[in-house]
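These figures come from a predicted structure and were not determined experimentally.
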Amino acid sequence: MTTSLTLSDPQHQGGGFDRRKILTGAAALAASAVTMKTASAASVAPLGQTGAPTTATQPLPLGPLPGARYPDSRLESMKKPKVSFGPTGFPAFAGTMAVERVATGFRWAEGPVYFAAGRYVLFSDIPNNRIMRFSEDDGHLSVYRQPSMNSNGNTIDREGRLITCEHSGRRVTRTELDGSITIIADKYNGKKLNSPNDAVVAADGSIWFCDPAYGIGGFYEGIKAEPEQEKKNVYRVDPKSGDIKMVVDDFVQPNGLCFSPDEKKLYICDTGFTDGPDNPSHIRVFDVDLGAGKLSNSKVFADMPKPSITDGLRCDTAGRLWCSVGWGDPNEDGVRCYTPDGDLLGKIHIPETVANLCFGGQQRNRLYICGSSSLYAVYTSAQGAMKP
């Protein structure tokens, strides 16, 4: 049904029209048009750029890497073996094993986390704006979430919930057991975070995360924006109040972080070398006062061979630190393993730049490695500490 528009003129009941009313009506319509145009101009970009899967070329082959044999030569021990069988002294060696490529076809794989209850690994494909899921029981690969707000680091809390750092969301979120998403942190002192990168959860439920500026530097791994935080900080979220406290403010670009098994130490990467040749490319270690939520006694734990950087860390049950290496000499691409005292035990060589890693498997002895376009795995003789 349509309703006709009647223009009446009290002075000319015979059917004329009032010119002033027509002009007033036209002005109102023009004002509405301006309002609608203003509203349209106020629209914002979607939180998370939509990526395009890499389907133009054949993906890399899966399975043991070409030329693999036992013991795998890609495992390099820094300690001279006392016996002739395998790289003794380096806990990556597990006998009849070799480095395997278990999934491929990504633009930039990052942030792996293992869910023991489902026997799967979740990891981010940042430019493709998705979180992927690899099921280790049958090797099935699927998309867990898209869009993911250009997610980067992922971890799991003590209740089995996914904790995610989002570049384009500029926030840290928690996926509840019913699938809903809770925002854990998106502002500090009333200003937006830069682009949270990696997170860990302590035994008391506190969430510690780093906030470099990589995710707002362009439109490939996030949404380009000006930083609102003056510094690139490391933060702690209180498990009871949800309050956010800055715990370290002297990093150039804080990156991956990891607690020691007893949670008395916190390791944090500084990848500031990406911003300038005189900036650090190393791992720092801090003493942790978990109850007070404070860090102290910072020192450099290990330097990386520039121009390589490390931005992913995990500990095993013996307190050894495993870290990613990439972006520099291809001969250094892969994983390094250090003693708790900072001595280099050995290397796992991967044919791609490595960003991050995590322990998984039912015995926590399978190391999953995010290497650029692929997910790699290798059985070790160590067990992950399983501290998120």
Side-chain angles (χ1 to χ4, degrees), residues 44-51 103 106 109-126 128-188 192-193 195-211 215 222-223 235-245 257 259 314 356 358-362 364 368 370 375 384-388:
V44 296
L47 289 179
Q49 297 294 308
T50 301
F106 321 113
E110 248 279 22
V113 56
Y114 183 76
F115 283 76
R119 292 194 63 191
Y120 59 81
V121 182
L122 297 183
F123 60 97
S124 298
D125 183 4
I126 304 178
N128 276 327
N129 197 15
R130 59 187 182 175
I131 297 176
M132 306 301 297
R133 175 175 48 209
F134 172 76
S135 298
E136 68 176 5
D137 52 354
D138 64 357
H140 180 69
L141 179 71
S142 59
V143 176
Y144 174 80
R145 175 180 297 159
Q146 189 175 33
S148 67
M149 307 303 173
N150 299 109
S151 63
N152 190 331
N154 297 284
T155 191
I156 185 173
D157 70 8
R158 303 308 167 93
E159 297 181 42
R161 299 172 297 187
L162 174 67
I163 307 295
T164 300
C165 295
E166 300 175 359
H167 278 181
S168 56
R170 299 175 74 169
R171 63 190 188 180
V172 180
T173 63
R174 181 176 65 227
T175 302
E176 307 295 347
L177 299 180
D178 64 359
S180 60
I181 294 177
T182 300
I183 298 174
I184 300 299
D186 61 353
K187 292 182 177 65
Y188 177 67
K192 287 184 179 181
L193 298 173
S195 56
N197 188 287
D198 204 0
V200 287
V201 183
D204 64 357
S206 58
I207 299 173
W208 305 61
F209 69 94
C210 62
D211 188 38
I223 297 177
Y235 299 96
R236 174 189 180 271
V237 182
D238 187 87
K240 296 180 179 179
S241 67
D243 292 340
I244 303 171
K245 182 178 73 174
L257 60 172
F259 281 112
R314 290 294 187 277
N356 215 325
C358 75
F359 282 97
Q362 292 185 305
R364 310 193 310 277
Y368 286 99
C370 283
L375 179 68
M386 293 305 287
K387 301 294 184 182

message = Minimum heavy-atom separation for Ala185 and Ile244, please, with both atom names.
response = CB-CD1, 3.3 Å
query = Given the side-chain rings of Phe123 and Phe106, with only the six-membered ring counted for Trp, is the space between their centroids under 6.0 Å?
reply = yes
ask   = Between Thr175 and Tyr144, does a side-chain contact (heavy atoms from CB on, under 4.5 Å) hold up when you go through it step by step?
value = CA-CA 12 Å; Thr175 302; Tyr144 174 80; 4.0 Å; yes
query = Which distance, rounded to the nearest 0.5 Å, do you find between the CZ of Phe359 and the CZ of Arg364?
reply = 10.0 Å
message = Could you check whether any side-chain heavy atom of Ile207 comes within less than 4.5 Å of a side-chain heavy atom of Ile184, counting everything from C-beta outward?
response = yes
ask   = With a 4.5 Å heavy-atom cut-off, do Arg174 and Ile181 have their side chains touching?
value = no
ask   = What residue among Asn152, Asn154, Thr164 forms side-chain hydrogen bond (donor to acceptor under 3.5 Å, both in side chains) with Ser124?
value = Asn154
message = Between Asn197 and Asp211, does the side-chain contact (heavy atoms from CB on, under 4.5 Å) criterion hold? Intermediate values first, please.
response = CA-CA 6 Å; Asn197 188 287; Asp211 188 38; over 6 Å; no
key: Euclidean distance, Arg119 CZ relative to Glu136 CD, rounded to 0.5 Å   = 4.5 Å
ask   = Would you call Val237 and Phe209 a side-chain contact if the rule is heavy atoms closer than 4.5 Å?
value = yes
request  = Over all heavy atoms of both residues, which pair between Ser148 and Arg130 is shortest? Give the atoms and the distance, please.
outcome  = OG-N, 3.1 Å
inquiry  = With rounding to the nearest 0.5 angstrom, report the OG1 to CG distance, Thr173 to Leu162.
reply    = 7.0 Å
key: Heavy-atom pair with the smallest gap, counting every atom of Pro196 and Cys165   = O-CB, 3.3 Å
message = Restricting to non-hydrogen atoms, name the atom on Gln146 and the atom on Asn129 that form the minimum distance, rounded to 0.1 Å.
response = CG-O, 3.3 Å
request  = Take Arg170 and Ile223 through the test side-chain contact (heavy atoms from CB on, under 4.5 Å) and record every step on the way to the result.
outcome  = CA-CA 9 Å; Arg170 299 175 74 169; Ile223 297 177; over 6 Å; no
ask   = Considering only heavy atoms from C-beta outward, does the side chain of Arg133 approach that of Ile131 to under 4.5 Å?
value = no
query = How many angstroms lie between OG1 in Thr155 and CG in Asp198, if you round to the nearest 0.5 Å?
reply = 7.5 Å
query = How are the rings of Tyr114 and Tyr368 set relative to one another: parallel (under 30°), tilted (30 to 60°) or perpendicular (over 60°)?
reply = parallel
task = Kindly state each residue pair satisfying ring pair (Phe, Tyr, Trp, His ring centres under 6.0 Å) with at least one member in residues 151-188, sequence neighbours excluded.
result = Tyr188-Tyr235
message = Working to the nearest 0.5 angstrom, can you tell me the gap between Arg171 CZ and Ile183 CD1?
response = 4.5 Å
query = Where do Ala202 and Arg158 come nearest, in terms of heavy atoms and distance?
reply = C-NH2, 3.6 Å
query = Out of curiosity, Met132 CE to Glu110 CD, how far, rounded to the nearest 0.5 Å?
reply = 15.0 Å
request  = Verify, without hydrogens or angle tests, whether Asp125 (side chain) and Ala109 (backbone) share a donor-acceptor contact under 3.5 angstrom.
outcome  = no
ask   = Which heavy-atom pair separates Ser151 from Ile126 by the least distance, and what is that distance?
value = O-CG1, 3.1 Å
task = Apply salt bridge (Lys or Arg N to Asp or Glu O under 4.0 Å) to Lys245 and Asp243, showing your working.
result = CA-CA 7 Å; Lys245 182 178 73 174; Asp243 292 340; over 6 Å; no
